[in-house]
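Have a look at the structure below before the remarks.
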Amino acid sequence: MSGEVSLETIVSLCKRRGFMYQGSEIYGGLAGTWDYGPLGTVLKRKILNLWWETFVGSRDDMYDIDSAILMNPKVWQASGHVDTFTDPLVECQNCHARLREDYIKDKKCPVCGKDKFSEPRQFNMMFKTNIGPVQDEKSISYLRPETAQGIFTNFKNVVDSFYPDVPFGMAQIGKAFRNEISPRDFIFRSREFEQMEIEYFVHPEEWEKAFEQWRKDIHKFLKALGLPADKVHELEVPDADRAHYSKRTIDFEFDFPIGREELLGLAYRTDFDLMNIQKASGKSMEYRPKDGGAPFVPHVIEPSFGVERAMMAVLSAAYTEDEVNGEKRAYLKLPADLAPVKVAVSPLLKNKPELADKAREVYKMLKKEFGAVMYDDNGNIGKRYRRQDEIGTPYCVTIDFDTLEDDTVTVRSRDTTEQKRIKIAGIITTMS
RNA sequence: GCGGGUGUCGUAUAACGGCUAUUAUCCCAGUUUUCCAAACUGGUGACGGGAGUUCGACCCUCCCCACCCGCACCA
């Protein structure tokens with residue numbers, strides 16, 4: 001059922017319930033930017049936490065990094081971004097196709113076959129900015145188009161501080177910026193987005209082994225996000241389509257409401273980045289094994305996730321419609337770890353002070369334990385259940401007249417709509 | 001960026017060159033309600049933005065912005 005959800009439904013729910021709003025909406029918006037609302041902020045944080053816990057916190061070979069968004073422009077020259085991001089594009093004057101000049105063979109448009117083109121124009125996918133008050137060529141810098149370079153530029157620092165055994169990884173969560181020509185499809189392609197990236201440094205001969213391990217670990221993580229395995233697909237990216245630095249890439253695609261699209265990438269970047277830095281900086285990137293083996297420049301496996309895409313996948317996978325008492329019900333079947341609200345507490349009737357007082361008491365107790373707890377006395381009880389369903393709250397605790405007698409409450413499950421009566425003292429263990 | 005389309009409360013909609021605009025739902029407050037969007041009362045809330053034409057523009061014209069569909073782009 002969730003497979004048929006339209007993007008529009010997701011966007012609408014996100015706005016109505018406070019997950020995502022269009023950026024600068026009150027001023028007419030700004031294309032390619034989105035703001036997280038209260039629930040979206042929490043959902044995002046939970047996705048980040050799950051990623052971090054899975055790939056960093058629970059391992060002993062990972063190192064955190066949080067590098068600056070503004071970097072020395074030499075970084076982007078060395079990485080190849082300045083060159084590859086500034087390819088001149090020409091426009092076919094017949095069919096208006098925009099093409100990289102170096103793609104055109106025989107001076108003919110590959111789309112329509114005609115041979116008249118406009119003058120080449122520079123397109124730069126990096127956001128330019130100026131550092132300091134004087135705006136000239138010397139002051140130009142860029143907002144990073146990927147977080148990866150912040151890791152590579154700190155490789156030597158981390159090796160010097162910790163001297164970890166290879167293989168080891170460096171992980172970073174942070175914003176990246178790309179001046180996309182046409183941002184589209186909700187948060188799928190935006191100009192400002194958040195990456196969760198790892199650069200995993202390996203011995204050159206060990207890359208395939210590490211690559212395969214990451215491949216498996218990624219599938220496990222996607223499962224933990226609640227993404228059904230039959231909607232996740234691996235795409236072996238052919239030579240011609242791979243990024244300039246990569247010798248092997250698998251795109252992990254997901255069946256989004258907009259179709260099958262890339263959710264994340266797993267790339268073997270070879271020693272491309274470290275070698276570039278070594279050449280550009282003159283500093284050695286060699287790693288000397290502690291066992292006295294031959295020094296080498298590590299190769300890199302890069303699993304690269306986008307938070308927005310992950311969130312869009314999570315939301316569209318979670319969206320479910322069914323029927324309760326003959327009426328349509330929409331709910332988010334979010335994994336309990338990800339639900340922005342873990343449990344909602346309600347008095348059965350809001351105008352009975354004794355129920356409301358008791359409900360407040362239970363609310364406070366659960367709030368202290370779980371944090372993500374909401375007190376809800378809007379409308380009537382059925383309405384509250386539906387509202388909580390729609391934001392993916394796994395449990396609703398209702399305080400009724402029996403509660404006052406015997407300290408029991410009903411715990412209602414989002415997925416089954418069934419209720420169990422349990423002792424207040426047992427709520428926490430039931431949900432943990 | 002190109003071509004086409006769209007733009008009225010959060011959502012879905014109605015009307016009109018002439019009282020700053022309809023209805024439903026949502027939302028908020030209250031009454032009520034002993035478990036799945038009940039009912040009743042009241043309330044907040046919109047013509048995407050800016051120019052122009054006009055005595056008067058949500059409506060006509062132009063520009064901008066945003067969104068949708070194609071194309072291209074997505075190292």
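Order of the sequence lines sets the chain letters (A, B, ...), proteins ahead of strands, with each chain counted from 1.
- For A/Ser79 against B/A75, a side-chain-to-base donor-acceptor contact under 3.5 Å is absent.
- For A/Arg248 and A/Glu236, the salt-bridge test passes: some basic side-chain N is under 4.0 Å from an acidic carboxylate O.
- Rounding to the nearest 0.5 angstrom, the gap separating the OG1 atom in A/Thr403 from the CD atom in A/Glu405 is 9.5 Å.
- Nucleotide B/U25 holds its P atom 16 Å from the CZ atom of A/Arg387, rounded to whole Å.
- Per the geometry, CD belonging to A/Glu390 stands 17 Å off P belonging to B/U25, to the nearest Å.
- Proximity note for A/Ser182 (side chain, C-beta onward) versus B/C67, B/C27, B/G1: the nearest is B/G1.
- B/G49 and B/G7 have their P atoms separated by 14 Å, with the value rounded to a whole Å.
- A/Arg386 is linked by a salt bridge (Lys or Arg N to Asp or Glu O under 4.0 Å) to nothing, counting only residues two or more places apart in sequence or in another chain.
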Give each protein N/O atom lying under 3.5 Å from an N/O atom of nucleotides 68-70 of chain B, with the pair distance.
from, atom 1, to, atom 2, distance (Å)
B/C69, N4, A/Arg184, NH2, 3.3
B/G70, O6, A/Arg184, NH2, 2.8

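- The nearest whole Å value for the distance from the CZ atom in A/Arg260 to the P atom in B/C74 is 22 Å.
- A distance of 10.5 Å separates CD1 in A/Ile250 from CZ in A/Arg242, rounded to the nearest 0.5 Å.
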Intra- and inter-strand pairs of RNA chain B in dot-bracket (Watson-Crick or G-U wobble, both distances under 3.5 Å; | for another strand)
(((((((..(((.....[....))).(((((.......)))))....(((((..]....))))))))))))....
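- Residue pairs that meet the side chain to side chain donor-acceptor pair (under 3.5 Å) test with at least one member in residues 351-364 of chain A, sequence neighbours left out, are A/Lys358-A/Glu361, A/Lys358-A/Asp407.
- A residue-by-residue look at A/Trp34 and A/Arg189 shows that A/Trp34 has its nearest nucleotide of RNA chain B further toward the 5' end.
- A distance of about 22 Å separates the P atoms of B/C35 and B/G30, rounded to the whole Å.
- One C1' atom belongs to B/U25, the other to B/A57, and the distance between them is 30 Å to the nearest Å.
- Scanning atom types as modelled, no donor and acceptor separated by under 3.5 angstrom connect the side chain of A/Asn325 and the base of B/C36.
- Applying the side chain to side chain donor-acceptor pair (under 3.5 Å) rule to A/Lys15 yields the partners A/Glu25; only residues at least two apart in sequence or on another chain are considered.
- Comparing the C1' positions of B/U20 and B/U61 gives an interatomic distance of 23 Å, to the nearest angstrom.
- Counting only N and O atoms by type, the side chains of A/Thr398 and A/Tyr385 include a donor and acceptor under 3.5 Å apart.
- Side-chain contact check for A/Thr147 and A/Glu197: at least one donor-acceptor pair (N or O, by modelled atom type) lies under 3.5 Å.
- Annotation: side chain to side chain donor-acceptor pair (under 3.5 Å) contacts of A/His219 (sequence neighbours excluded): A/Glu234.
- Atom-to-atom, CE of A/Met126 to C1' of B/C73 comes out at 16 Å; the value is rounded to the nearest Å.
- Annotation: side chain to side chain donor-acceptor pair (under 3.5 Å) contacts involving residues 422-432 of chain A, sequence neighbours excluded, are absent.
- One finds a side-chain N or O of A/Asn380 lying less than 4.0 angstrom from the OP1 or OP2 phosphate oxygen of B/A38.
- Contacts between residues 346-359 of chain A and RNA chain B, defined by a heavy-atom separation below 4.0 Å, involve A/Leu348, A/Leu349, A/Lys350, A/Asn351, listed by number.
- Atom P of nucleotide B/C73 and atom CZ of A/Phe188 are separated by 16 Å, given to the nearest angstrom.
- The side chain to side chain contact (heavy atoms under 4.5 Å, CB included) check on A/Ser12 picks up A/Arg16, with sequence neighbours excluded.
- Not one N or O on the side chain of A/Arg191 forms a donor-acceptor pair closer than 3.5 Å with the backbone of A/Thr33.
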Below 3.5 Å between N/O atoms, which protein atoms pair up with nucleotides 45-52 of chain B? Just atom names and distances, please.
none

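- Spacing of C1' atoms, B/C26 relative to B/C64, comes out at 32 Å, to the nearest Å.
- Taking atom OH of A/Tyr385 as the reference point, atom P of B/A38 lies 14 Å away to the nearest angstrom.
- Checked against B/C36, B/A75, B/C27, the side chain of A/Arg17 finds its nearest nucleotide in B/C27.
- No option in A/Tyr287, A/Tyr268, A/Phe272 other than A/Tyr268 meets the ring-ring contact (aromatic ring centres under 6.0 Å, His included) test with A/His299.
- Nucleotides B/C63 and B/C55 have their C1' atoms positioned 26 Å apart, rounded to a whole Å.
- Rounding to whole angstrom units, CG of residue A/Asp389 and C1' of B/C35 are separated by 13 Å.
- Evaluation of atom-type donor-acceptor distances gives a pair under 3.5 Å for the side chain of A/Gln419 against the base of B/C35.
- Taking the centre of each ring, A/Phe252 and A/Phe221 stay at or above the 6.0 Å mark.
- At a threshold of 4.0 angstrom between heavy atoms, the contacts of A/Arg329 with the nucleic acid are absent.
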List every contact pair, protein side and nucleotides 4-12 of chain B side both N or O, where the distance is under 3.5 Å.
none

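- Nucleotides B/G4 and B/G10 place their P atoms 31 Å apart, quoted to the nearest Å.
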Give the table of side-chain donor-acceptor pairs shorter than 3.5 Å for residues 412-422 of chain A, with sequence neighbours excluded, one pair per line with atom names and distance.
from, atom 1, to, atom 2, distance (Å)
A/Arg412, NH1, A/Asp389, OD1, 2.7
A/Arg412, NH2, A/Asp389, OD2, 3.0
A/Ser413, OG, A/Asp415, N, 3.3
A/Ser413, OG, A/Thr416, N, 3.3
A/Ser413, OG, A/Thr416, OG1, 3.1
A/Arg414, NE, A/Leu332, O, 3.4
A/Arg414, NH1, A/Leu332, O, 3.1
A/Arg414, NH1, A/Leu334, O, 3.1
A/Arg414, NH1, A/Gly392, O, 2.8
A/Arg414, NH2, A/Leu334, O, 2.8
A/Thr416, OG1, A/Glu418, N, 3.1
A/Gln419, OE1, A/Thr410, OG1, 3.3
A/Arg421, NH1, A/Thr408, O, 3.3
A/Arg421, NH1, A/Thr408, OG1, 2.5
A/Arg421, NH2, A/Asp400, OD1, 3.1
A/Arg421, NH2, A/Asp400, OD2, 2.4

Go through it in stages, so that I can follow the logic: the residues are A/Tyr245 and A/Ser79, the test is side chain to side chain donor-acceptor pair (under 3.5 Å), and I'd like the CA-CA distance, side-chain angles, deciding distance and then a yes or no.
CA-CA 9 Å; A/Tyr245 50 72; A/Ser79 69; over 6 Å; no
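- Both the sub-6.0 Å distance and the 45° axial angle are not jointly satisfied by A/Arg309 relative to the ring of A/Phe305.
- Counting non-hydrogen atoms under 4.0 angstrom, A/Glu262 reaches nothing in the nucleic acid.
- A/Ser6 places a side-chain N or O within 3.5 Å of a backbone atom of A/Thr9 that can act as its donor or acceptor partner.
- In this structure, the CE atom of A/Met125 is 13 Å from the P atom of B/G1, given to the nearest Å.
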